[in-house]
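Counting starts at 1 for both ligands and their atoms, in listed order.
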Amino acid sequence: MDYTAKIARHVASIPRSGIRDFFELVQGRDDVISLGVGEPDFVTPWHIREAAIYSLEKGQTTYTSNLGLLSLRKSISKYVSGFFDVNYDPAKEVLVTVGVSEAIDIALRALLNPGEEVIYHEPCYVSYSPSIVMAHGVAVAVETTKEDGFSLKPEALEKVITPKSRILMLNFPTNPTGSVASNEDLEGIAKLAIKHDLIVLTDEIYSELRYDGIQHVSIASLPGMKERTILMHGFSKAFAMTGFRLGYACAPQPIIEAMMKIHQYSMLCAPIMSQNAAIEALENGGPQMLMMKESYHQRRDFLVKRFNEIGLDCHTPGGAFYVFPDIRKTGLSSKEFAMGLLEAESVAAVPGSAFGSSGEGFLRCCYATGMEDLRKAMESIERFVSKI
Ligand code: PLP
């Protein structure tokens, strides 16, 4: 059978994730040090795992409300109010999702009509453009540059806004660059969103992981923004809970209602044991999270220093757990560099081009990897670069 004709055209048009392609090469090789997948090297703190175990032990193996357990939504609302300074009604304005991944997908599907434009800043997380296309939208990337600290500048945003623009997607701190937006830029972006009547999807999954005393400001907390913003957050990164597959969206009730329709028919609800673990994370997970953050901070400082010593210019990212050194000096493309490094030194890092064309010339290195491995990886990178 000719399956090409059987696959929906918009799905066939989506390329496979550059990260996955690269990591298929690495799979099954235990000699490789991976600075690749954006996943904490910490196991989920024990008290959080225990909450999931208790949940099973008590026989809590059922569906929950489509919106998620009310007790979890109350904890989320309290946490978001304290951390982001925005108040959401747990009964109507919070939806528990299967990771931020699901929140992104259903938000786009709930809001977009075919052909409407979604603007996002690039380099960006690999799912943004495909998620927009899968929701029948048109993906419009605004390139950001190293010189601007990979932050979205309001002037650059304004240039791409058209009458078809419906949604603006933001991600600060950013995967893959670790960039954070200045308050001034965020205010400028908010003004444009209001002026052009855009809905803002803000993916704040790395918001706890900021360094050097940088305060996190959510665009949802700026004047006039709560009513047009979907704030998305989750447990994967700061609480080291990737496998629990849990996230949430906070937004005005009509938007949550529309997202919930898709969620209830496609997902029904998030797993109950993960939801119980998430309550424990929010209520008592602060100290362990700060301990992990402190460790990431030290690793970031080490990597930035070593890349600059090697001669690969590396800006100091304000957040997340990635560095994004500039490898253009070597004359190699980011894919050639990453493949060469893997072959010669068995170190895996992701070519910047996997995060959009503006990532070309850079390498994403995730430092959610033990310090010993980071030391070895940097020695290998130094040797590799010296031979070019
Ligand atoms: N958003 C960003 C920016 C990410 O980097 C990731 C994962 O790497 C996700 C969303 C997916 O998160 P989740 O595990 O909550 O689905």
Side-chain angles (χ1 to χ4, degrees), residues 17-20 22-23 34-42 44 48 68 72 76 79 94-108 118 120-132 134 141 144 150-152 168-181 200-210 216 218-219 230-250 259 263 266-267 270-271 274-275 277-278 281-282 289 296 317-324 349-350 352 354-356 359 364-369:
S17 156
I19 300 190
R20 287 285 145 221
F22 192 70
F23 280 91
S34 179
L35 311 182
V37 180
E39 176 154 54
D41 59 322
F42 295 103
T44 311
I48 300 175
L72 173 57
I76 291 170
Y79 183 82
V94 179
L95 172 65
V96 178
T97 57
V98 178
V100 172
S101 304
E102 193 215 350
I104 294 170
D105 177 43
I106 61 176
L108 290 167
V118 182
Y120 58 99
H121 52 106
E122 205 206 71
C124 67
Y125 180 47
V126 290
S127 88
Y128 289 177
S129 170
S131 299
I132 296 163
M134 284 191 283
T144 61
F150 293 106
S151 186
L152 176 62
L168 169 65
M169 286 180 82
L170 299 177
N171 171 225
F172 296 113
T174 309
N175 176 7
T177 59
S179 155
V180 290
V200 176
L201 256 66
T202 177
D203 173 351
E204 304 194 14
I205 191 163
Y206 295 101
S207 49
E208 287 90 354
L209 303 177
R210 286 158 288 105
H216 182 74
S218 171
I219 195 161
I230 305 179
L231 171 60
M232 301 181 291
H233 196 15
F235 297 86
S236 288
K237 311 292 175 173
F239 293 104
M241 291 174 67
T242 47
F244 286 79
R245 307 306 308 122
L246 210 71
Y248 52 89
C250 301
M259 288 171 67
H263 174 77
S266 58
M267 206 62 69
S274 296
Q275 294 193 49
L282 291 176
M289 188 237 281
Y296 295 141
F321 41 47
Y322 309 103
V323 291
F324 206 57
V350 186
F355 306 96
R364 189 193 79 171
C365 300
C366 173
Y367 50 85
T369 301

Practice task
May I ask whether G99 places a heavy atom under 4.0 Å from ligand 1?
Solution key: yes
Exercise for the section: Could you tell me whether ligand 1 has any atom less than 4.0 Å away from a heavy atom of Y206? Expected result: yes
Handout entry: Polar contact flag, side-chain donor to acceptor under 3.5 angstrom, Y206-Y322
Key = yes
Problem - Between CZ on residue F324 and CG on residue N175, distance to nearest 0.5 Å - result: 9.0 Å
Handout entry: Ring geometry between F235 and F239 (parallel below 30°, tilted from 30 to 60°, perpendicular above 60°)
Key = tilted
Handout entry: Residue pair V323 / P317, side-chain heavy-atom distance below 4.5 Å
Key = yes
Problem - ligand 1 contact by K237, heavy-atom criterion under 4.0 angstrom - result: yes
Fill in the blank from the handout: re atom 6 (C) of ligand 1, the protein heavy-atom contact at minimum distance is Y125 CZ, 3.3 Å
Completion exercise
Judged by heavy atoms only, the candidate from L246, I205, D203, V98 nearest atom 1 (N) of ligand 1 is D203
Practice task
Would you check the N or O atoms of Y322, main chain and side chain alike, for any that come under 3.5 Å of an N or O of ligand 1?
Solution key: no
Practice task
Answer yes or no: does an N/O atom from N171 fall short of 3.5 Å to an N/O atom of ligand 1?
Solution key: no
Fill in the blank from the handout: closest protein heavy atom to atom 15 (O) of ligand 1 is V100 N, 2.7 Å
Exercise for the section: May I ask you to identify, for R245, whether its side chain, its backbone, both or neither come under 4.0 Å of ligand 1 on a heavy-atom basis? Expected result: side chain
Completion exercise
dist E102:CD -> M259:CE (nearest 0.5 Å) comes out at 7.5 Å
Completion exercise
Between the CG atom in D105 and the CE atom in M134, the distance rounded to the nearest 0.5 Å is 6.0 Å
Practice task
Test P173 against every option in E208, R210, E204, K237 by the side chain to side chain contact (heavy atoms under 4.5 Å, CB included) rule and name the one that passes.
Solution key: R210
Handout entry: Output field: ring centroids Y120/Y125 closer than 6.0 Å
Key = no
Handout entry: Enumerated ligand 1 atoms positioned under 4.0 Å from heavy atoms of S236
Key = 13 (P), 14 (O), 15 (O)
Exercise for the section: Indicate, as side chain, backbone, both or neither, the part of S101 found under 4.0 angstrom from ligand 1 when only non-hydrogen atoms are considered. Expected result: both
